[in-house]
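What you see is a predicted model, and the numbers here were worked out from it, not measured in a lab. Note that the numbering runs from 1 along the sequence shown for the chain. Both ligands and their constituent atoms are indexed starting at 1 by order of listing.
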Amino acid sequence: MISEKLKSTQKQLTSNASLVAVSKTKPKEAILEAYAAGQRIFGENKTQELAQKAAILPQDIEWHMIGHLQTKKVKHIAPFVSLIHGVDSWKLLQEIDKRAEQNKRVIDCLLQIHIAQESNKFGLNEEEAEALLLPSKNLENIRIIGLMGMATFTDDKNQIRREFAGLKKTFDHLQTTHSQLQTLSMGMSGDYQIAIEEGSTMVRIGSAIFGDR
Ligand SMILES: *Cc1c(COP(=O)(O)O)cnc(C)c1O
């Protein structure tokens, strides 16, 4: 069941967008089923759940932290996390850098850009992102490799498309002066086809693979 859904999702990623299988709230059996079907990148949004799963599941899984991350919780995932999607402050970047150094690692991060109409979603605007990118070059144990965004939760496909197109524009613009930006994380179960059409290089898909939560 999971492996079939995984395969049909992968087929639709006609471009070379990479797939983060969002396994939050799902048991290890579900993750192992996707793993057996070849999936290696999994995303979680709670540090404790992420750390618990990473400890018992195969070591070659790449774990992504996709949700909002609190500074005080960085230490729980710093030893192993491979990409943090939702970075939105200098304070958080500094903490990730510090914990990465303690673990003798360099941790890849994406800056979260606010593109939705809803004000409850986190994220930066382009100027704020630029203001983090410049000094981040002095932090030796983090690497900002791209941007992430979430569109408004709506049935209005034109609005979703506009929001993703806006994020792509911000990405292209920042990339002209920050060539290390290579990853554009946008698109979830309900909107990933639109996201890919608008230039996504990484989609985060949960319910379309694992079923409803
Ligand atoms: C839960 C979550 C997803 C996946 O959502 P689905 O609708 O289940 O695909 C993607 N991104 C983030 C940040 C999430 O929290």
- Starting from atom 13 (C) of ligand 1, find the nearest protein heavy-atom neighbour and note its residue, name and distance. Ile66 O, 3.4 Å
- Spatial distance of atom CE (Met202) from atom CD1 (Ile66) [nearest 0.5 Å]: 11.5 Å
- Task: Step by step, work out the side-chain hydrogen bond (donor to acceptor under 3.5 Å, both in side chains) result for Thr152 and Glu163.
- Result: CA-CA 8 Å; Thr152 303; Glu163 291 175 358; 2.6 Å; yes
- Query: Looking only at distance, does Gly206 have an N or O less than 3.5 Å from an N or O of ligand 1?
  - Reply: yes
- If we number the atoms of ligand 1 from 1 as shown, the ones under 4.0 Å from a heavy atom of Lys24 are 1 (C), 2 (C), 3 (C), 14 (C), 15 (O)
- Query: Are the charged groups of Lys169 and Glu126 less than 4.0 angstrom apart, N to O?
  - Reply: no
- Query: Which of the numbered atoms in ligand 1 are below 4.0 angstrom from a heavy atom of Ser189?
  - Reply: 6 (P), 7 (O), 8 (O), 9 (O)
- Item | Proximal atoms of ligand 1 relative to Arg204 (non-hydrogen, under 4.0 Å) | 4 (C), 9 (O), 10 (C), 11 (N), 12 (C), 13 (C)
- Task: Do me a favour and list the nearest non-hydrogen protein atom to atom 5 (O) of ligand 1 with residue, atom name and distance?
- Result: Met188 CE, 3.5 Å
- Heavy atom of His85, distance to ligand 1 below 4.0 Å: no
- Query: Short list, please: which atoms of ligand 1 are under 4.0 Å from a heavy atom of Ile205?
  - Reply: 9 (O)
- Message: Between Glu95 and Lys91 (salt bridge meaning N to carboxylate O under 4.0 Å), is one present in this structure?
- Response: no
- Message: Would a single hydrophobic cluster contain both Leu13 and Ile160, if residues Ile, Leu, Val, Met, Phe, Trp and Tyr are joined by side-chain heavy-atom contacts under 4.5 Å?
- Response: yes
- Message: As an exercise, state the distance from NE2 of His76 to CD of Gln70, rounded to the nearest 0.5 Å.
- Response: 9.5 Å
